[in-house]
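What you see is a predicted model, and the numbers here were worked out from it, not measured in a lab. Atoms within a ligand are numbered from 1 in the order they appear, just like the ligands themselves.
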Amino acid sequence: MAESLAHDCIPFGYELDEDHQLLRDSIREFARGVVAPGAMERDIKGEFPAEVIRQLGEMGYQGICVPEEFGGAGLDALASAIVVEELSYADASVGVINSVQNSLVIDPILKFGTTEQKRKWLPKMASGEWLNCFSLSEAGSGSDAGAMKCRAELKGDHWVINGTKLWVTNGAEADVVLLFVRTEDTDRRNASCLLVPKNTPGLTVGKHEDKLGIRGSSTTELIFENCKVPAENLLGERGQGLRIALTAIDGGRLGIAAQALGIAQAALDRSTKYAIERKQFGKSLSDFQAIQWKIADMATRIAASRALLYKGCWIKAQAGHSLHIPAMAKVYAAETATFCANQAIQIFGGMGYCREGEVERYLRDAKITEIYEGTSEMQRMTIAETLVAHPERLTDI
Ligand SMILES: Cc1cc2nc3c(=O)[nH]c(=O)nc-3n(C[C@H](O)[C@H](O)[C@H](O)COP(=O)(O)OP(=O)(O)OC[C@H]3O[C@@H](n4cnc5c(N)ncnc54)[C@H](O)[C@@H]3O)c2cc1C
């Protein structure tokens, strides 16, 4: 893995403070020393990085924003993004596994859970003992989350769940499912959110997807057949499920932007190094203007992605709320990752197209960042709808 060429982050004119720099150095050392070496083999075999995730848990990275009183590291959204970026630089599968754990499951528990629920669920998540998954999508309900059909009925003091969920990241290995179900027939937007231990009778893992990229992370069906969980496993209020899901995904966008940024930076670093070393026509590839412009375009897009991502993290860390900035960060970083991975292959030439060059994986991994946690089309809708509804925010971008 190449050394980062120009990776000192200066968001909006400010350097990372000392704590964030120390965090970045320490997760970078782990990512490049421990995570990267097995990434290609796990990709080829479609193998879950169990040992890496175990070590991340031991180091506190699986519950990075959990307050110390619930056993976590108590760090902020920028810290979480730095961890996902550095992990994804080494292996984007590890990046998304960590992002789902923190942004999509722990964050909503922190935001919507009761103190009792936080005490019950968070410590084992924070220590890495429990791995999480987030289960919203179904065959007929992707971008249109309100169309979900999986149902839960309150019978006595238990919810009884029936239905099938699709495309669940960490679905095979997770211990806890944050599950979204219909709880009313009358209103298609009426849904609720349940915490379901994976070993609950009536819950089975169905089909495993064979994927283009992020092949080290599992993506599975989850099948619920008269699966019963206690009434107190409801997160938030009955009927508040879609709000919880959309709030989680708003936060998750920063995680996926960080994943995309890590892939893009790796593609830039690797291909720039190669362009300097590789000689054709008696010169380095990096002496040719056609190659220089690719490097310039990649670096510029990465810098802009990082500024957007850090701005989104900064807003979140101030307990502020913005729909359009995280959406901008996600759509821009995702398309930057695909762009940079594609350029890296071009700079590597034939070697870029072959597994041995180890850059083709970046393109396969990058593509999913344009699809999950809201496709690029949905991000653009969010950005435009927010700004059209609130033109006063046009000056706040
Ligand atoms: C590897 C992987 C991991 C995933 N992990 C999870 C997970 O952990 N949990 C989970 O719940 N889900 C997960 N998903 C599901 C993912 O979030 C959905 O695939 C995504 O939201 C898109 O939904 P869809 O695939 O049904 O596409 P569709 O919604 O059918 O969209 C298809 C195309 O139409 C476009 N489109 C749809 N509606 C509109 C519109 N109104 N205007 C313009 N264009 C539109 C979309 O942008 C897209 O290009 C995962 C998916 C994959 C592939």
Would you say V168 has any N or O atom under 3.5 Å from an N or O of ligand 1, going by distance alone? no

Heavy-atom proximity to atom 10 (C) of ligand 1 ranks first, among C133, G374, S137, for S137

Scan the protein's non-hydrogen atoms and note whether one is under 4.0 Å from atom 51 (C) of ligand 1. yes

Any side-chain donor paired with an acceptor under 3.5 Å for T338 and E370? yes

For residues 67-83, tabulate all N or O donor-acceptor pairs below 3.5 Å that involve a side-chain atom, not counting sequence neighbours.
residue, atom, partner, partner atom, Å
D76, OD1, H20, NE2, 3.0
D76, OD1, L78, N, 3.3
D76, OD1, A79, N, 2.9
D76, OD2, H20, NE2, 3.3

Give the atoms of ligand 1, by number and element, whose distance to some non-hydrogen atom of T375 is under 4.0 Å. 22 (C), 46 (C), 47 (O)

Taking all non-hydrogen atoms of both residues, which atom of S271 and which atom of I347 are closest, and how far apart? O-CG2, 3.6 Å

Return the closest protein heavy atom for atom 7 (C) of ligand 1 as residue, atom name and distance. W167 O, 3.0 Å

Under 4.0 Å from one or more heavy atoms of E373, ligand 1 contributes atoms 17 (O)

Is it true that K120 and E232 make a salt bridge, defined as a side-chain N closer than 4.0 Å to a carboxylate O? no

May I ask you to identify, for K165, whether its side chain, its backbone, both or neither come under 4.0 Å of ligand 1 on a heavy-atom basis? neither

Identify all side-chain donor-acceptor contacts of residues 104-112 below 3.5 Å with residues at least two apart in sequence or on another chain.
residue, atom, partner, partner atom, Å
D107, OD2, K316, NZ, 2.5

Counting each atom of ligand 1 from 1 as listed, which ones have a heavy atom of T219 under 4.0 Å away? 1 (C), 2 (C), 3 (C)

Heavy-atom contacts with T169 under 4.0 Å: which atoms of ligand 1 show up? List them by number with element. 3 (C), 4 (C), 5 (N), 6 (C), 7 (C), 8 (O)

Determine whether the side chains of Q21 and D25 contain a donor N or O and an acceptor N or O closer than 3.5 Å. no

Can a protein heavy atom be found under 4.0 Å away from atom 29 (O) of ligand 1? yes

For Y372, the ligand 1 atoms with a heavy-atom partner under 4.0 Å come out as 2 (C), 3 (C), 4 (C), 17 (O)

Ligand-residue contact atoms, ligand 1 with I371, heavy atoms, under 4.0 Å: 20 (C)

Of all the heavy-atom pairs spanning N102 and G63, show the shortest one and how long it is. OD1-CA, 3.4 Å

Note: ligand 1 atoms sitting under 4.0 Å from heavy atoms of M381 are 40 (C), 41 (N), 42 (N)

Hey, is atom 47 (O) of ligand 1 under 4.0 Å from any protein heavy atom? yes

Given E86 and R32, is the salt bridge (Lys or Arg N to Asp or Glu O under 4.0 Å) satisfied, shown in steps? CA-CA 8 Å; E86 292 297 334; R32 297 185 192 186; 3.5 Å; yes

Run the numbers for me: atoms of ligand 1, each under 4.0 Å from some heavy atom of K211, listed by number. 1 (C)

Do Y353 and F348 have ring centroids that are under 6.0 Å from one another? no

When you measure from atom 34 (O) of ligand 1 to the protein, is at least one non-hydrogen atom found at a distance under 4.0 Å? no

What I want to check is whether the side chains of N342 and Y362 have a donor and an acceptor closer together than 3.5 Å. no

Between I368 and ligand 1, which part of the residue brings a heavy atom under 4.0 Å of the ligand: side chain, backbone, both or neither? side chain

Please tell me whether E173 and S218 have a donor and an acceptor in their side chains that are separated by less than 3.5 angstrom. yes

